[in-house]
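Got a structure for you, written out below as structure tokens; questions coming shortly.
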There are 2 protein chains.
Amino acid sequence: MSTPHYHYLQQYFSDLIASQQLVSGSKLPSEREIGEQFKLTRVTIRQALKNLEAEGLIYRQNRRGWFVSPAAVIYHPASHLSFNLYVTEQGFSPSTEKLAQQVEPANERIAQLMNIPIGNPVLYLHRRRYIDQRPVLIEKMYINQNLLPGIEEEDLTESLSQILKRKYQQEYRDMDLSFKSTSLPAHAANDLGIAAGQPGLQIERINYTGHKQVLEIDYEFWRHDAVTINIAIRD
Amino acid sequence: MSTPHYHYLQQYFSDLIASQQLVSGSKLPSEREIGEQFKLTRVTIRQALKNLEAEGLIYRQNRRGWFVSPAAVIYHPASHLSFNLYVTEQGFSPSTEKLAQQVEPANERIAQLMNIPIGNPVLYLHRRRYIDQRPVLIEKMYINQNLLPGIEEEDLTESLSQILKRKYQQEYRDMDLSFKSTSLPAHAANDLGIAAGQPGLQIERINYTGHKQVLEIDYEFWRHDAVTINIAIRD
DNA sequence: TTGGTCAACTGGTATATACCAGATAGTGTA
DNA sequence: TACACTATCTGGTATATACCAGTTGACCAA
């Protein structure tokens, strides 16, 4: 058993995808069908499929099947472009769904960053964002209401950066970013409609105004295969 | 079967680690021992262990066992600190091993970036870097010899940024970074002594001189649990 | 003390099988 | 036509078992 069976399977599907015989979004045969074709058990087949998933080539929809992953979108945080804009520019179709919106008391971390007393109200916003109808990103953000009075009356499925510009004459300026490759926490996996424990990318972003005040704290949970991050550092 | 068995196991070990009853680096019981204790088969146990691995809490060494992951090091590319420096500052012990060093003809991409003819010599350097004796990072770099004559005679397990400063009075300045959460390619997994197909973080970095010339192109392959990336964007 | 052999232990790969639970599409009824 | 039901398909979870292939440590011989 010099090269394991699942390795052949991986190569097989990898080649099909590379040669465009299986294109983005198309469905793979069911695990049982593959098993019949290759005379392998589901355990072995799932090993191959999970590896391909880790590579980012395929993904699953719960009890619907395995599908070829679309190309990853390139996220360029330093450009200050909105999600809608950079997704559109790269030839995909973005959409946003608001899952929750409420005014909440600030916890310790939020309060400290925003330089407000613990328990003071902040606007919590919970959104799901799609690329070509595929949910790829869960966002949980805490917005500094003091700097943006009346923000809660806006349509918060819209791009925040556009609301900022239009209503408050503000723009994103400085930001602190933190990236971690890890599995998705249960709540995020659930919101994305995928099994918990699957690989993901977590981003924490702190947005500042031009006056070094914290405008917004953003926790993002991405499908790991949906995004590549590019950053240019210029001193 | 509202909550699956592997979920209990995950929680069990997750709690042990959180409460420091299992500390960084310590070995978990063998899969068969766990199976006896919890009356579960290895398939179920491995599902739990793989999920914990995806979370970054544990990792495996081929046929040696499962171990608790050390805390991730924080990599702050924009700070221009060397690997040795930031790892040391965070209380870990770094080391570097040179796996290969050779002069190679530039391929198309390298040549274009460095603005030299295709096939012109570049210095290829292949290193493995450790944190507390654990291999965490494979580096494959292409160095622009034209800008750094005699670089190949240096001790290339040393920090490159220090060599640059000492011998060439150069410093890292601008850089382009690209991050992708994906599984490790076979060559990198092999160099890290882990099974292929495990989750990882790939970084591509292009370093420029103060005069916008490409000094070095760097491909990094990290264990995904070994690193968190922080970046401050200041306009 | 050194070095080699080997048994025991570890995770890695694989078969065969079973049942659960969500998704889907077709059927039949009101 | 509208809708509820249902058979079937899908992946999700799990048991039991087997053998392979590095790792390790104990033991023995030089």
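Model, not experiment: these values are computed from the prediction. Residue numbers start from 1 in every chain, and the chains themselves are labelled A, B, ... in the order their sequence lines are given, proteins ahead of strands.
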Between dT10(D) (P) and W66(A) (CH2): distance, integer Å: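 Rounded to the whole Å, the gap is 14 Å.
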
E31(B) CD to dA16(D) C1': how many Å, rounded?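 Computing the E31(B):CD to dA16(D):C1' distance gives 16 Å.
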
Q162(A) to S82(A) - nearest heavy-atom pair and separation: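 Taking every non-hydrogen atom into account, NE2-OG, 4.3 Å.
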
Compare all side-chain heavy atoms of L184(B) with those of L192(B) and state whether any distance is below 4.5 angstrom.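 In short, these two side chains touch, coming nearer than 4.5 Å.
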
Can you give me the bend angle of the helix from dT1(C)-dA30(D) to dA30(C)-dT1(D)? Use the axis through the first five pairs and the one through the last five, nearest 10 degrees.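 For the helix from dT1(C)-dA30(D) to dA30(C)-dT1(D), the axes at either end differ by 10°.
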
In whole angstroms, how far is the P atom of dG12(D) from the CD1 atom of I194(A)?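 Checked: the CD1 to P distance equals 11 Å.
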
Not counting sequence neighbours, list each pair that qualifies as a side chain to side chain donor-acceptor pair (under 3.5 Å) and has a residue in residues 183-195 of chain A.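 Pairs touching residues 183-195 of chain A that pass the test: H126(A)-D191(A), K140(A)-H187(A).
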
If you go through the side-chain atoms of R64(B), does one of them form a donor-acceptor pair with the base of dG11(C) closer than 3.5 Å?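 Check fails, no donor-acceptor contact within cut-off.
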
D15(A): what forms a side-chain hydrogen bond (donor to acceptor under 3.5 Å, both in side chains) with it, not counting sequence neighbours?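 Residues passing side-chain hydrogen bond (donor to acceptor under 3.5 Å, both in side chains) with D15(A): Q11(A).
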
Spacing of E36(A) atom CD relative to dC9(D) atom C1', expressed in whole Å: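 Rounding to the nearest Å, CD of E36(A) and C1' of dC9(D) are 13 Å apart.
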
Provide, to the nearest angstrom, the distance between the CG atom belonging to L9(B) and the P atom belonging to dT13(D).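 Taking CG of L9(B) and P of dT13(D), I get 14 Å after rounding.
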
dA21(C) C1' sits how many Å from R63(A) CZ, rounded?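 Atom-to-atom, R63(A) to dA21(C), this comes out as 4 Å.
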
I want to check something: taking the side chain as every heavy atom from C-beta on, are L201(B) and K180(B) in contact at a cut-off of under 4.5 Å?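 No - every pair of side-chain heavy atoms lies 4.5 Å or more apart.
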
Contacts to DNA chain D from residues 53-60 of chain A, heavy-atom cutoff under 4.0 Å, which residues?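 Within this stretch, R60(A) sit under 4.0 Å of the strand.
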
Where along residues 37-51 of chain A does a heavy atom come under 4.0 Å from DNA chain D, residue by residue in number order?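 When residues 37-51 of chain A is checked for heavy atoms under 4.0 Å from DNA chain D, the hits, listed by number, are R42(A), R46(A).
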
Determine whether R64(A) and N62(A) make a side-chain contact, defined as any pair of heavy atoms from C-beta on separated by less than 4.5 Å.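 No. Closest side-chain heavy atoms not under 4.5 Å.
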
Take a 6.0 Å sphere around NE2 of H7(B) and say whether it holds more than 12 heavy atoms from other residues, nucleotides or ligands.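 At most 12 heavy atoms, drawn from other residues, nucleotides or ligands, come within 6.0 Å of this atom.
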
To the nearest Å, how far apart are L28(B) CG and dG11(C) P?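 It works out to 9 Å between those atoms.
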
Do T96(A) and R129(A) meet the criterion of a side-chain donor-acceptor pair at a distance under 3.5 Å?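 Yes, side-chain donor-acceptor contact under 3.5 Å.
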
Do the side-chain N or O atoms of Y6(A) get closer than 4.0 angstrom to the phosphate oxygens (OP1, OP2) of dA14(C)?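 No, because none of the side-chain N or O atoms of Y6(A) sits under 4.0 Å from OP1 or OP2 of dA14(C).
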
With sequence neighbours left out, which residue pairs that include part of residues 70-79 of chain B fulfil the side chain to side chain donor-acceptor pair (under 3.5 Å) condition?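 Applying side chain to side chain donor-acceptor pair (under 3.5 Å) to every pair that reaches into residues 70-79 of chain B, excluding sequence neighbours, yields Y75(B)-R205(B).
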
Taking the six-membered ring for Trp, are Y8(A) and F38(A) ring centroids under 6.0 Å apart?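 No.
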
To the nearest angstrom, how far is N62(B) atom CG from dC9(C) atom P?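 From N62(B) CG to dC9(C) P: 19 Å.
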
Between the side chains of R134(A) and D225(A), is the shortest nitrogen-to-carboxylate-oxygen separation below 4.0 Å, so that they form an ion pair?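 Yes, D225(A) and R134(A) are salt-bridged.
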
